[in-house]
Amino acid sequence: MARDTVDTTPIETVADLAATLEEGCKPEDRFRIGTEHEKFGFCLKQLSPIPYEGSNGVEAVLEGMESLLGWERIEDAGKIIGLADNEGGGAISIEPGGQFELSGAPLENLHQTCREANQHLAHVRQIAEPMGVGFLGIGMTPTWTRAEIPRMPKSRYDIMTNYMPKVGSLGLDMMYRTSTIQVNLDFSSEADMIRKMRIGLALQPIATAMFANSPFTDGKPNGFKSFRAQIWTDTDVDRTGDIPFVFEQGFGFERYVDWALDVPMYFVKRGETYYDVTDTTFRQFMKGALEGRVPDATPSLGDWNNHISTLFPDVRLKKFIEMRGADGGPWRRICALPALWVGLLYDSGVLDQAWELVKDWTAEERAALRSGVPRSALQTPFRQGTVLDVAKDVLALAQEGLKRRNRLSDGDLDERVHLAPLEEGLAAGMCPADILLQRYNGSWNGDITQVFREYAY
């Protein structure tokens, strides 16, 4: 998120909050695809993380992009922290450790999504290469320690940095050392939202396995295929995970709101000032708990929207649904991640088939997948086989979903082409981390710095 919202509309009742989520319902012909990806900036010579300030820092890259694109500058306490395309709907922002994020515009098809990502990466190279800066697509910093990574001047990150050690042992690693690809998708009704949330949560570990790409920490193998996914298991139990209540009878917009209300807040923003309110839930806020602690202590829709953006379940509900389980990776996978989920969720027939696949998975099985996949990815045991077997079934469904979506004329390009990296990986029985480890133990001869040369955008 490039900018925290400032909508001052007062909240009257809890029902108002559920209504804000329900506003996301739209007809299928207005469904769009919003893809986000993060990447690590590094100095091409030293292979070290780039600072915020300086001629080759994050600030300079953002200002260069501002000049190139003409997008609106976003600041925090006078420091540039992002850019917004007010015409197209996209944005560029920075994560706590300087991860450079593109939040893509809501687009109609996957070809547009892939063009957007490629154009963005070309623009970034145009600005960054003369500065001696490159960008790496991977799920976790492979060589840098947490102490080596600079902190970005963003007020909400200061609050989160102070809070994370109180609620988990790996939250700071999540903030400063991980990157992701995610896709934001629409729903047509509450029932459609429920079905997509359930399928998304059940299959999120399968997607994590297919995109697992974080096997190195501090310059050596860490024993995991997706250490990024492992980090999420010990970040903050109050706001992360597979939120099993989604599978309970009666789940809907109100039940999600009921959960969100009891999660501690991070901040309240008034003007340009961020107030640390990590000891207060949104429900307590609505009952007057911040009277005298922050100016204008009446909760607003802006406060609510900021709060739900700081919840981190594997699938997050806003006025759209966010699929959050994939590690960052090479450019082809920036296109493959939305292709997977669009194929699964945007055709009603395939959506039904996806539900048939997962509907009898127990809560214990889902939990076992979530705990096992970070270490063994596609080789994780499941029922009578492995996650690889499930992933092949899931990919086949996604291919069918995209086939049904595409009514092709001569010369039109089938969206299934964007699933090619997943086809190749599953045919070999390998996730990206398997390939990285194979190279590390083979042609790289243990020289992990080769990752910067072979995996930079």
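The chain is numbered in sequence order, starting from 1. Basis for what follows: all heavy atoms, side chains included, without hydrogens, waters or symmetry-related copies.
- Annotation: cation-pi pair Arg293/Phe285 absent, no NZ/CZ under 6.0 Å from the ring centroid and within 45° of its normal.
- The six-membered or imidazole ring of Phe135 lies away from that of Tyr457, with a centre-to-centre distance of 6.0 Å or more.
- Side chains of Thr180 and Arg228: a donor on one and an acceptor on the other come within 3.5 Å.
- Although no hydrogens or angles enter the test, the distance criterion places no donor-acceptor pair under 3.5 Å between the side chain of His37 and the main chain of Gly137.
- Side-chain atoms of Ser376 come within 3.5 Å of backbone atoms of Gly372 as a donor-acceptor pair (strictly under, hydrogens ignored).
- Glu365 contributes a side-chain N or O that, together with a main-chain N or O of Thr362, makes up a donor-acceptor pair within less than 3.5 Å.
- Between Trp259 and Tyr256, the two ring planes are perpendicular [angle over 60°; tilted spans 30° to 60°].
- Although no hydrogens or angles enter the test, the distance criterion places a donor-acceptor pair under 3.5 Å between the side chain of Asn306 and the main chain of Gly302.
- Each of Thr380, Asp242, Thr208 was compared with Arg370 under the side-chain contact (heavy atoms from CB on, under 4.5 Å) criterion, and only Asp242 meets it.
- Put simply, CG on Asp236 and CE on Met164 are 6.0 Å apart, with the number rounded to the nearest 0.5 Å.
- Under a 3.5 Å cut-off, the side chain of Trp444 and the backbone N or O of Gln438 do not form any donor-acceptor pair.
- Within 6.0 Å of the CD atom in Glu254, the count of heavy atoms belonging to other residues, nucleotides or ligands does not exceed 12.
- Annotation: the span from Leu340 atom CG to Phe211 atom CZ amounts to 6.0 Å, rounded to 0.5 Å.
- For the pair Arg177 and Phe227, the cation-pi test (distance below 6.0 Å, angle within 45°) is failed.
- Separation of atoms CG (Asn184) and CD1 (Ile33) is listed at 11.0 Å; rounding is to 0.5 Å.
- Between Val257 and Trp304, the closest side-chain pair of non-hydrogen atoms falls below 4.5 Å.
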Tyr176 vs Thr141, test: side-chain hydrogen bond (donor to acceptor under 3.5 Å, both in side chains). Steps then yes/no.
CA-CA 9 Å; Tyr176 290 95; Thr141 56; over 6 Å; no

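- Under the side-chain contact (heavy atoms from CB on, under 4.5 Å) rule, Phe267 has a single partner from Asp276, Thr310, Thr278, which is Thr310.
- Annotation: side chain of Tyr52 is in contact with side chain of Lys79 (closest heavy-atom distance under 4.5 Å).
- Side-chain contact between Leu344 and Leu351 is absent, with no heavy-atom pair separated by less than 4.5 Å.
- Atoms CG and CD1, on Asn213 and Ile138 in that order, are 5.0 Å from each other to the nearest 0.5 Å.
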When you look at Asp173 and Arg146, which way does the salt bridge (Lys or Arg N to Asp or Glu O under 4.0 Å) test go after all the steps?
CA-CA 7 Å; Asp173 289 304; Arg146 192 197 303 162; 3.1 Å; yes

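- Ring geometry, Trp144 versus Phe40: the interplanar angle exceeds 60°, so the pair is classed perpendicular (tilted spans 30 to 60°).
- The number of heavy atoms from other shown groups lying within 6.0 Å of CD (Glu272) does not exceed 12.
- Not a single donor-acceptor pair under 3.5 Å links the side chain of Asp327 to the backbone N or O of Ala212.
- Ring centroid separation for the pair Phe452 and Phe42 comes in under the 6.0 Å cut-off.
- Here the side chain of Asn162 pairs no donor or acceptor atom with the backbone of Ile159 at under 3.5 angstrom.
- Within the model, atoms OG of Ser179 and CD of Gln99 stand 7.0 Å from one another, a figure rounded to the nearest 0.5 Å.
- Side-chain contact between Trp232 and Arg324 is present, with heavy atoms from C-beta onward closer than 4.5 Å.
- Judged purely by atom type and a 3.5 angstrom limit, Gln284 uses its side chain to pair as donor or acceptor with the backbone of Thr281.
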Verdict with reasoning, Phe31 to Tyr346, per ring pair (Phe, Tyr, Trp, His ring centres under 6.0 Å):
CA-CA 8 Å; Phe31 281 7; Tyr346 268 12; 4.8 Å; yes

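- The main-chain N or O of Gln230 is never found under 3.5 Å from a side-chain atom of Asp234 such that the two would form a donor-acceptor pair.
- Under a cutoff of 6.0 Å and an axis angle of 45°, Arg375 and Phe224 form a cation-pi pair.
- Relative orientation of the Tyr266 and Tyr163 rings is perpendicular, given thresholds of 30° and 60° on the angle between their planes.
- Gln379 places a side-chain heavy atom less than 4.5 Å from the side chain of Asp434.
- Rounded to the nearest 0.5 Å, atoms CD1 (Ile231) and CE (Met174) are 9.0 Å apart.
- The ring of Phe216 has its center closer than 6.0 angstrom to the ring center of Tyr440.
- Taking the side chain as every heavy atom from C-beta outward, Ile321 and Phe187 approach each other to under 4.5 Å.
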Go through the steps for Arg383 and Asp360 under the test salt bridge (Lys or Arg N to Asp or Glu O under 4.0 Å), then give the verdict.
CA-CA 12 Å; Arg383 293 191 171 178; Asp360 68 339; 3.5 Å; yes

side-chain contact (heavy atoms from CB on, under 4.5 Å) between Asp158 and Tyr274, worked out:
CA-CA 10 Å; Asp158 291 339; Tyr274 288 74; over 6 Å; no

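- The closest donor-acceptor contact from the side chain of Glu415 to the backbone of Leu110 lies under 3.5 Å.
- Both the sub-6.0 Å distance and the 45° axial angle are satisfied by Arg255 relative to the ring of Phe245.
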